[in-house]
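Here is the naming used below: chain letters follow the sequence lines, and residue numbers restart at 1 for every chain. It should be emphasised that the depicted structure is a prediction, and the values quoted were computed from it without experimental measurement.
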Amino acid sequence: MSLTIITVMKKVLILGGILMAGILGYFHLPHTNKLSWQPISIPYISQPSCQPIRQTDLNETFSVLPRMSYPQPFVDKPQRTDVLLVSPWLAPIVWEGTFNRDILNAQYRQKNFVVGVATFAVKKYVRFIEGFLGSANKFFLSGHRVNFYLFTDHPEKVPSINLAPEKRLFIIPVQNYSRWQDISMNRMDIISNHIHSHWRYEVDYLYSMDIDVQMFEHIGVEIIDTLVGTISSWQYTKPRDSNSYERHPESRAAIPHGEGDFYYAASFYGGSVSEVYKLTTACFKGVTEDRANGIEAKWHEESHLNKYLLYHKPTRLLSPEYYWDEELIRPRIIRVKRLSSVRKDLQEVRF
Amino acid sequence: MTCWKVVKSVLILYLILIPIFVWMIVWNGPVHYLPYYLPCPEIFSMKLQYAEEKTVQLFPELFYPQPRSLDQKRRDVLTLTPWLAPIVWEGTFNSELLDSAYKPLNLTIGVTAFAIGKYTMFVGRFVESAEKLFMKGYWVNYYIFTNNPQAIPRVQLQPGRSLSIVPIKKYSHWQEISMRRMEAINRHIAEVSHREVNYLFCLDIDMVFHNPWGVETLGEMVAAIHPGYYNVPRSQFPYERRSNSAAFIPDSQGDFYYAGAVFGGLVKQVYEFTRACHMTILADKANGIMAAWQEESHLNRHFFSHKPSKLLSPEYVWDDTKPRPPEMRLIRFSTVNKDYKEIRD
């Protein structure tokens, strides 16, 4: 009996030995798919001069945009062939169909910017406040922090509007002038002063918009860039010599024939606080010098704005979708009307 | 009695050994840490002073054709990415306009290139062609990283351009040399180039300029589209597809396949970018994995999460062995024919 047990034991020992050898051999073979990945804790050689890698550095390195699914951009399949998408100085021109707002939102959210909007409602223009704020609350940079700076000579006439939590309204009393052209042109000065005194601490980007507009479609973070101008809806097809630039050489806003890129609308422009400061200061200086010489530019501060933007090229251009004049019939090229002027009787409202 | 002792000892042996083997099977497998690859991060946490990018500002009396809103010069290719970064193709920009804006800024542009081992034989042609075609009229500093400074030929440089040789260590495998470039560039920026240049381009040395490369390529963070994959669906991009690599990009994601041979931008951005790439390369090393295309896979991973602000079309990084399609109107920078087996090891 003991002999059979011993032989059985021997067989078991041999089998066990083969099994162990097999397992040891298996573990010595390279098989990287069994490795586990520990993303965060990278050890470092501690030396007295070293500082430890901060967790925030690692988070930044490994942080990714949230998982999004969107169609692949194909290099040989342009999104739109009917319009110019990039200016000759390589500034993007924002048209519907060229951008993916989800990607832009994801990039923007990482940065915690605050955007300011300066708008003026003086004399009879106070009637447009409700439409402007109501639609802007819904469509302008929705989900992002915006400070609306409303300048008015009748603060008591501002209707109370329920704004979204990220949006804030500041009502600033301002003097009115007898001439509407002066009201329009002095906006530059007021904006410039306010940037210098406190907006540069409050916001990162600032936009100036006319009050007599309404928004019909989302205007999102695609407008955010260092210096942004909107192409005028009246003149986006015109050759440069028929543009409404100021042509009198005595004016500071004069642009000689043969020069000019686009005609920009003064109803919607903006950019980083420092660039808008430079723009408004330069434009208002031009306005003041013209006044001293007894001239007024053809389209007031819009002429000065165009001169400035000709020589200080915007880093991003907005298509006429971003300021469409109500009186124009919208062609198919303008697929979306995001912001449009409100129908009004100019004679009645200005005087 | 002795057979019972044998039985008992065998049983005890197995009782001890079997749980050990069961644990070894169930456990996830070995994780390797290679601490001697990981450097002191003191360079990584240095705070450097940088200049900001300036907006394009012109001087008056410059004449150029008017840009027309309805007139797109290049209808055959994508000129803008979904995140509104321009893609630079011939015909989309006006060089004179850009030059008139950038020349007064007195910029210095740096170029890094690695010539290790037998790759020193490419330096001569690279620098000669760059002298004629790269950023003509601007201050340029070439930084040639090499393990063999004597092998770098003396090339006559235009005034305002300089070449400095940066000695570095040669590693045994060409993959290692390739991946260590990120660390070397990062260190060099921290020690030297952040004081000397505004913009920095990191180019491969085994290439030659054929047509002008100008300031249209300057931007905050600039990447180039790989010539082999520009018209291919994203599932066929040679991204790293193993999920335990730090350079992993799944099949359904990805915008473009960027080339590792050309990238650049503001010095600050290149510093941050190379630092991030090097950290993910180290993370992979610590896990014993090497990405499919070495640092190019890590570059692609980073450009997927932190999208570049400007893209260069494959005109800026072409492969001469490919036939030239009609979209490529002008090849500016392309590879030199070589025998990989002969020069790599």
Side-chain angles (χ1 to χ4, degrees), chain A residues 2 5-6 9 13 16 20 23 27 32 34-37 39 42-45 47 49-51 53 61 64-65 69 72-78 81-90 92 94 98-100 103-104 107 222 226-227 231 236-237 239-240 258 260-261 275 311-313 315 333, chain B residues 3 6-7 10 14 21 24 28-29 31 33 35 38 40-42 44-45 55-58 60 63 66-72 75-84 86 88 92-94 97-98 101 216 225 230-231 233-234 244 252 255 276 279-280 282-283 286-289 305 307 327:
Chain A
S2 56
I5 290 176
I6 286 172
M9 283 298 142
L13 267 172
M20 279 191 270
I23 289 172
F27 273 109
T32 50
K34 290 211 86 176
L35 295 176
S36 67
W37 177 48
I42 302 181
Y44 61 95
I45 303 169
Q47 290 172 17
S49 54
C50 285
Q51 289 172 10
I53 301 178
T61 308
V64 296
L65 294 179
S69 79
Q72 178 186 355
F74 277 96
V75 168
D76 49 355
K77 294 185 183 56
T81 52
D82 51 346
V83 287
L84 188 66
L85 297 180
V86 179
S87 74
W89 58 95
L90 294 172
V94 185
T98 58
F99 62 93
N100 180 323
I103 303 178
L104 292 171
Q107 289 179 317
E222 66 275 7
T226 316
L227 185 59
I231 301 176
Y236 68 99
T237 51
R240 53 170 49 137
D261 306 308
E275 286 301 319
Y311 298 122
H312 302 80
K313 308 281 187 208
T315 58
I333 276 198
Chain B
C3 76
V6 171
V7 168
V10 166
Y14 274 124
F21 284 113
M24 278 177 83
N28 279 333
V31 176
Y33 281 99
L38 303 174
C40 165
E42 121 214 323
F44 292 168
S45 54
T55 53
V56 174
Q57 188 174 325
L58 280 203
F63 295 101
Q66 180 191 2
R68 304 302 299 269
S69 302
L70 302 182
D71 179 23
Q72 216 196 88
R75 290 166 198 260
D76 51 339
V77 287
L78 194 69
T79 48
L80 206 59
T81 65
W83 58 95
L84 294 172
V88 184
T92 57
F93 62 93
N94 184 320
L97 205 164
L98 289 170
E216 70 277 1
I225 301 175
Y230 69 90
N231 52 359
R234 52 168 54 134
N244 55 326
S252 56
D255 307 305
M279 289 181 88
T280 49
L282 292 181
N287 290 305
I289 185 169
S305 319
K307 309 222 185 270
E327 293 95 51

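- A heavy-atom distance below 4.5 Å is not found between the side chains of A:W89 and B:N94.
- Counting heavy-atom pairs closer than 4.5 Å to chain B, the top-ranked of the candidates A:L90, A:L104, A:D76, A:T237 is A:L90.
- The part of B:T81 that comes within reach of chain A is its backbone (N, CA, C, O), which places non-hydrogen atoms under 4.5 angstrom from that chain.
- Heavy atoms only, all atoms of each residue included: A:V75 and B:Y230 are closest at CB-O, 3.2 Å.
- To the nearest 0.5 Å, the span separating OG1 on B:T79 from CG on A:L85 amounts to 4.5 Å.
- With a 4.5 Å cut-off on non-hydrogen atoms, A:S87 touches chain B through its backbone but not through its side chain.
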Inset, instruction - Please report the C-alpha distance between B:W83 and A:N100 in whole Å, then the side-chain angles of each, then the deciding distance to 0.1 Å, and finally whether the side chain to side chain contact (heavy atoms under 4.5 Å, CB included) criterion is met. - result: CA-CA 6 Å; B:W83 58 95; A:N100 180 323; over 6 Å; no

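- Taking both residues in full, the closest heavy atoms of A:Q107 and B:K307 are given as NE2-CB, 3.4 Å, listed atom of the first, atom of the second, then distance.
- With a 4.5 angstrom heavy-atom cutoff, B:N231 touches chain A via backbone and side-chain atoms both.
- Contact detail for B:L80 and A:P92: the closest heavy-atom pair is CD1-CB, 3.5 Å.
- The CG atom of B:L78 sits 12.0 Å away from atom OG1 of A:T81, with the distance rounded to the nearest 0.5 Å.
- Using a 4.5 Å cut-off between heavy atoms, A:I231 touches chain B through its side chain atoms alone.
- The CG atom of B:L97 sits 7.0 Å away from atom CG of A:D261, with the distance rounded to the nearest 0.5 Å.
- The minimum heavy-atom distance linking B:R75 with A:P78 is given by the pair O-CG, 3.1 Å.
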